[in-house]
Amino acid sequence: MLWSIFASLLAAGLVTADNITATVNLSVSKGKPVHWASGFIYGIPDTPNQIPDHWYTDIGFRYGRAGGAQLEAPARGWIWGLSEYKGRLESTLSNYRTCRKYGADFILLPHDVWGTDHANSSTVWPGDGGDWSDYDLFIKTLMKDLKANNALKGLVWDIWNEPDISIFWERDQQQWIDLYIRTHKLLREDPSFHSVQISGPSLAYRPVSGNTWWSNWLAQIAGNKTIPEQYSYHLEGETSDWDNDLQNTNGTLATLLQNYGLPDRQININEYANYGEQVPAGAAWWISRLERYNAFGLRGNWLGGWTLHDLMANLLTKKSDPTDYNATDYAPAPEFQVYKYYKGNMTGHRVETSGTGDRLFDVYATVDSDKVRILSGTRITAGNWQITVTGMSAVGLPSEGTVDIQTWGFAGTSVYEEVDSPSDRGIVSHTYSGDVLTFPIFQTDASTAWAFEFSR
Ligand SMILES: *[C@@H]1O[C@H](CO)[C@@H](O)[C@H](O)[C@H]1NC(C)=O
Ligand SMILES: *[C@@H]1O[C@H](CO)[C@@H](O)[C@H](O)[C@H]1NC(C)=O
Ligand SMILES: *[C@@H]1O[C@H](CO)[C@@H](O)[C@H](O)[C@H]1NC(C)=O
Ligand SMILES: *[C@@H]1O[C@H](CO)[C@@H](O)[C@H](O)[C@H]1NC(C)=O
Ligand SMILES: *[C@@H]1O[C@H](CO)[C@@H](O)[C@H](O)[C@H]1NC(C)=O
Ligand SMILES: *[C@@H]1O[C@H](CO)[C@@H](O)[C@H](O)[C@H]1NC(C)=O
Ligand SMILES: *[C@@H]1O[C@H](CO)[C@@H](O)[C@H](O)[C@H]1NC(C)=O
């Protein structure tokens with residue numbers, strides 16, 4: 001649609017301004033960037049240093065999460081015996097050390113060390129028939145080995161992953177809640193684990209009223225005083241699903257917590273974005289959301305087998321064959337450039353933003369001594385929106401005048417494509433008045449993210 005036609009539809013009241021306007025308020029600082037979104041699950045080779053340092057440091061790697069998933073014999077996990085448990089532990093410890101090398105925290109996935117990917121409804125599950133002895137031995141063995149390997153610093157124990165999805169939990173809901181409460185108590189009984197954070201429930205589905213996995217868990221953790229340091233859950237559903245959005249769940253979780261008399265805690269979306277959203281536009285949309293809610297986020301990982309243990313959850317590709325685990329000719333996949341700009345260029349302090357009312361377009365913005373920088377992305381859809389920047393004088397600009405906006409484009413449609421840098425899309429002058437700058441976004445594809453910069 002031409003902007004003039006769109007503007008006249010707007011004037012005629014056929015679309016609401018709220019649905020098309022994302023805002024940036026330069027007067028409101030949200031503090032220093034900590035790169036809430038720079039985490040990913042799995043994606044780290046078990047061979048130390050296989051991915052060179054700069055790939056991690058360029059994105060400000062903040063959070064990893066692993067447990068040796070999808071390894072075959074002799075590393076299928078606890079249910080296959082102590083030596084197969086040790087195989088998974090070695091993978092986990094290697095990934096832990098890689099995370100710590102870059103200052104990232106590490107979320108341990110005990111369900112992987114147990115071996116859920118080599119289990120089914122006929123194999124043993126924790127607490128079967130009311131017998132917890134084998135599970136307790138598993139937890140105590142894992143605690144002892146983590147301690148012996150000096151792997152407690154920066155550790156988050158994620159009690160059980162996605163029990164509401166049958167591949168990860170083949171028993172009923174109460175048996176999982178019992179597992180959660182039992183594990184929480186076992187960890188808290190050991191003084192050497194005091195600094196280890198606990199996260200949960202790591203459910204696949206959202207904290208909304210009517211979800212009994214959430215309500216029953218919340219009621220019983222309140223009753224047992226086994227409250228995790230981080231409330232964790234996943235946002236990897238359909239983009240059309242209204243619930244599948246922090247803008248919804250930040251509020252619905254707050255309501256549930258109030259209902260059960262539970263305190264606010266750090267939020268960790270320890271799997272975010274579905275596979276289709278792993279393009280630059282999706283990355284920028286998710287970064288904007290996670291930054292607004294000060295929630296940690298770890299990119300979901302849609303790979304399998306050895307490739308699951310490589311490619312930094314599709315931030316990297318390879319010049320030769322990206323699915324060849326042993327190849328080391330790493331190259332940046334399209335989204336890598338978004339995270340690199342987010343970490344390396346969006347310096348200074350963060351400012352307040354809001355996304356569009358249709359929830360399809362969002363922005364993250366920073367102000368440094370030289371420039372204002374705005375990153376924008378869509379929920380993998382084309383469309384026309386606009387960005388309104390208020391408080392121009394708060395960064396020392398006149399309340400009316402002209403700014404030259406430099407645009408950078410972050411392109412790429414395939415996670416296996418190499419994209420070496422953002423592209424320079426030129427400079428356009430925009431006049432503004434009343435301390436407010438508005439400029440249009442013509443998004444003609446579903447994958448490109450944009451960065452806009454102007455000097456202050
Ligand atoms: C921007 O923030 C300032 C300071 O809190 C506030 O006075 C102003 O109303 C905000 N502007 C908009 C458009 O929300
Ligand atoms: C469950 O897994 C066990 C061990 O791998 C295997 O022997 C058995 O056939 C599987 N059962 C089903 C129903 O798939
Ligand atoms: C404590 O947890 C157990 C599950 O392990 C549950 O049966 C019990 O109802 C909980 N207690 C309270 C007071 O919620
Ligand atoms: C998110 O929810 C918490 C309550 O759990 C609230 O304090 C906070 O203001 C909310 N964040 C935003 C940006 O609305
Ligand atoms: C990597 O190379 C080693 C040594 O050649 C080989 O044993 C192993 O199977 C390879 N791994 C994968 C996943 O291809
Ligand atoms: C980001 O910052 C680096 C280092 O200062 C600079 O070389 C690069 O040109 C910047 N990129 C963009 C897109 O502004
Ligand atoms: C605004 O967006 C919402 C959500 O997509 C949609 O239901 C509504 O129809 C839109 N309103 C207008 C006036 O376009």
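FYI, the numbering just counts along the sequence from 1.
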Participant: Asp136 and Ser133: side chain to side chain donor-acceptor pair (under 3.5 Å), yes or no, with the steps?
Facilitator: CA-CA 5 Å; Asp136 288 354; Ser133 56; over 6 Å; no
Participant: Under a 4.5 Å cut-off applied to non-hydrogen side-chain atoms, are Lys147 and Leu152 in contact?
Facilitator: yes
Participant: Under a 3.5 Å distance rule, please check whether Tyr272 uses its side chain to pair with a backbone N or O of Ala37 as donor and acceptor.
Facilitator: yes
Participant: Between Asp117 and Arg76, is the closest basic N to carboxylate O distance under 4.0 Å?
Facilitator: no
Participant: Could you walk me through whether Phe61 and Ile44 pass side chain to side chain contact (heavy atoms under 4.5 Å, CB included), step by step?
Facilitator: CA-CA 12 Å; Phe61 183 43; Ile44 300 172; 4.1 Å; yes
Participant: Quick one: are the ring centres of Phe138 and Trp114 less than 6.0 Å apart?
Facilitator: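 Between Trp114 and Phe138, which both carry aromatic rings, the centre distance is below 6.0 Å.
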Participant: Run the side chain to side chain donor-acceptor pair (under 3.5 Å) check on Gln220 and Gln174 step by step: do they pass?
Facilitator: CA-CA 10 Å; Gln220 293 182 45; Gln174 187 58 46; 2.9 Å; yes
Participant: Evaluate salt bridge (Lys or Arg N to Asp or Glu O under 4.0 Å) for Arg188 paired with Glu229, printing each intermediate quantity in order.
Facilitator: CA-CA 12 Å; Arg188 286 294 164 254; Glu229 281 69 45; 2.9 Å; yes
Participant: So does Gly237 get a backbone contact from the side chain of Asn244, meaning a donor-acceptor N/O pair under 3.5 Å?
Facilitator: yes
Participant: Given the side-chain rings of Trp176 and Trp213, with only the six-membered ring counted for Trp, is the space between their centroids under 6.0 Å?
Facilitator: yes
Participant: Taking Asn301 for its side chain and Ile41 for its backbone only, find out whether a donor-acceptor pair lies under 3.5 Å.
Facilitator: yes
Participant: Does Tyr325 have any ring pair (Phe, Tyr, Trp, His ring centres under 6.0 Å) partners at least two apart in sequence or in another chain, and if so, which?
Facilitator: Trp306
Participant: When you check the gap from the basic side-chain N to the acidic O, do Asp245 and Arg206 get nearer than 4.0 Å?
Facilitator: no
Participant: So, for Gly60 and Ser38, which heavy atoms are closest and what is the spacing to 0.1 Å?
Facilitator: O-CB, 3.5 Å
Participant: Cation over ring, Arg289 on Trp286, under 6.0 Å and within 45°?
Facilitator: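 Arg289 over Trp286 ring: no.
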Participant: Given the rule in the side chain to side chain contact (heavy atoms under 4.5 Å, CB included) test, do Ile267 and Phe296 qualify, once you have shown the distances and angles that lead to the verdict?
Facilitator: CA-CA 6 Å; Ile267 302 299; Phe296 284 116; over 6 Å; no
Participant: Over all heavy atoms of both residues, which pair between Arg292 and Val363 is shortest? Give the atoms and the distance, please.
Facilitator: NH2-O, 3.6 Å
Participant: Would you find a donor on one side and an acceptor on the other, under 3.5 Å apart, between the side chain of Thr92 and the backbone of Arg88?
Facilitator: yes
Participant: Quick one: do Lys343 and Asp58 make a salt bridge, cutoff under 4.0 Å?
Facilitator: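 No salt bridge links Lys343 with Asp58.
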Participant: Main chain of Gly200, side chain of Ser232: is a donor-acceptor contact present, judged purely on distance under 3.5 Å?
Facilitator: yes
Participant: Start with the C-alpha distance between Thr356 and Asn19, add both sets of side-chain angles, then the distance that settles side chain to side chain donor-acceptor pair (under 3.5 Å), and finish with yes or no.
Facilitator: CA-CA 5 Å; Thr356 58; Asn19 262 7; over 6 Å; no
Participant: So, Trp160 side chain and Phe168 main chain: donor-acceptor pair closer than 3.5 Å or not?
Facilitator: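 Yes, the answer is positive, given that a donor and an acceptor are paired below the 3.5 Å cut-off.
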Participant: Does any part of the side chain of Tyr180, heavy atoms only, come nearer than 4.5 Å to the side chain of Pro201, both counted from C-beta?
Facilitator: no
Participant: Please check if atom NZ in Lys153 has more than 12 non-hydrogen atoms from other residues, nucleotides or ligands closer than 6.0 Å.
Facilitator: no
Participant: Short question: side chain of Gln443, backbone of Thr448 - any donor-acceptor pair under 3.5 Å?
Facilitator: yes
Participant: Are Leu235 and Leu246 close enough that some pair of their side-chain heavy atoms sits under 4.5 Å apart?
Facilitator: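 Side-chain contact under 4.5 Å: yes.
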Participant: Decide yes or no for Glu291 and Arg350: does some side-chain heavy atom of the first lie under 4.5 Å from some side-chain heavy atom of the second?
Facilitator: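 Yes, their side chains come closer than 4.5 Å.
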Participant: Determine whether more than 12 heavy atoms belonging to other residues, nucleotides or ligands lie under 6.0 Å from atom OH of Tyr205.
Facilitator: no
Participant: Could you tell me which non-hydrogen atom of Pro45 sits nearest to which non-hydrogen atom of Ser94, and how far apart they are?
Facilitator: O-OG, 4.3 Å
Participant: Does the ring centre of Trp214 sit less than 6.0 Å away from the ring centre of Tyr233?
Facilitator: yes
Participant: Between Val395 and Val372, is there a side-chain heavy-atom distance shorter than 4.5 Å?
Facilitator: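 Yes. Closest side-chain heavy atoms under 4.5 Å.
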Participant: Do the side chains of Glu236 and Tyr275 get nearer than 4.5 Å, heavy atoms only?
Facilitator: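 Contact flag for Tyr275/Glu236 side chains = no.
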Participant: Show your working on side chain to side chain donor-acceptor pair (under 3.5 Å) between Glu418 and Thr317 and close with a plain yes or no.
Facilitator: CA-CA 7 Å; Glu418 175 178 347; Thr317 182; over 6 Å; no
Participant: Tell me the closest heavy-atom pair linking Gly43 and Ile51, and the distance in Å.
Facilitator: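 Where Gly43 meets Ile51 most closely, the heavy atoms are O-CD1, 4.1 Å.
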Participant: State which residues pass ring pair (Phe, Tyr, Trp, His ring centres under 6.0 Å) with Phe361; sequence neighbours excluded, sorted by chain then number.
Facilitator: Trp385
Participant: Taking the six-membered ring for Trp and the single ring otherwise, decide whether the centroids of Phe410 and Trp450 are under 6.0 Å apart.
Facilitator: no
Participant: Take Ser209 and Thr255 through the test side chain to side chain contact (heavy atoms under 4.5 Å, CB included) and record every step on the way to the result.
Facilitator: CA-CA 9 Å; Ser209 117; Thr255 302; over 6 Å; no
Participant: Taking Thr252 for its side chain and Val208 for its backbone only, find out whether a donor-acceptor pair lies under 3.5 Å.
Facilitator: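 No: the side chain of Thr252 does not pair with the backbone of Val208.
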Participant: Evaluate whether atom CG of Asn150 has more than 12 neighbouring non-hydrogen atoms of other residues, nucleotides or ligands under 6.0 angstrom away.
Facilitator: no
Participant: Which is it for Thr183 and Trp157 under the side chain to side chain contact (heavy atoms under 4.5 Å, CB included) test, yes or no, and what are the steps along the way?
Facilitator: CA-CA 10 Å; Thr183 313; Trp157 190 298; 3.9 Å; yes
Participant: For Asp128 and Arg171, run salt bridge (Lys or Arg N to Asp or Glu O under 4.0 Å): C-alpha distance rounded to whole Å, both residues' side-chain angles, the deciding distance at 0.1 Å, then the answer.
Facilitator: CA-CA 8 Å; Asp128 275 356; Arg171 296 295 183 258; 2.8 Å; yes
Participant: Identify every side-chain donor-acceptor pair in residues 103-111 under 3.5 Å, counting partners at least two apart or on other chains, and give the distances.
Facilitator:
unit_1	atom_1	unit_2	atom_2	d
Asp105	OD1	Arg100	NH1	3.1
Asp105	OD2	Arg62	NH1	3.4

Participant: Can you tell if the side chain of Glu271 reaches within under 4.5 Å of the side chain of Arg299, non-hydrogen atoms only?
Facilitator: no
Participant: Taking the side chain as everything from C-beta on, heavy atoms only, tell me whether Leu315 gets closer than 4.5 Å to Gln278.
Facilitator: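 A side-chain contact under 4.5 Å is absent here.
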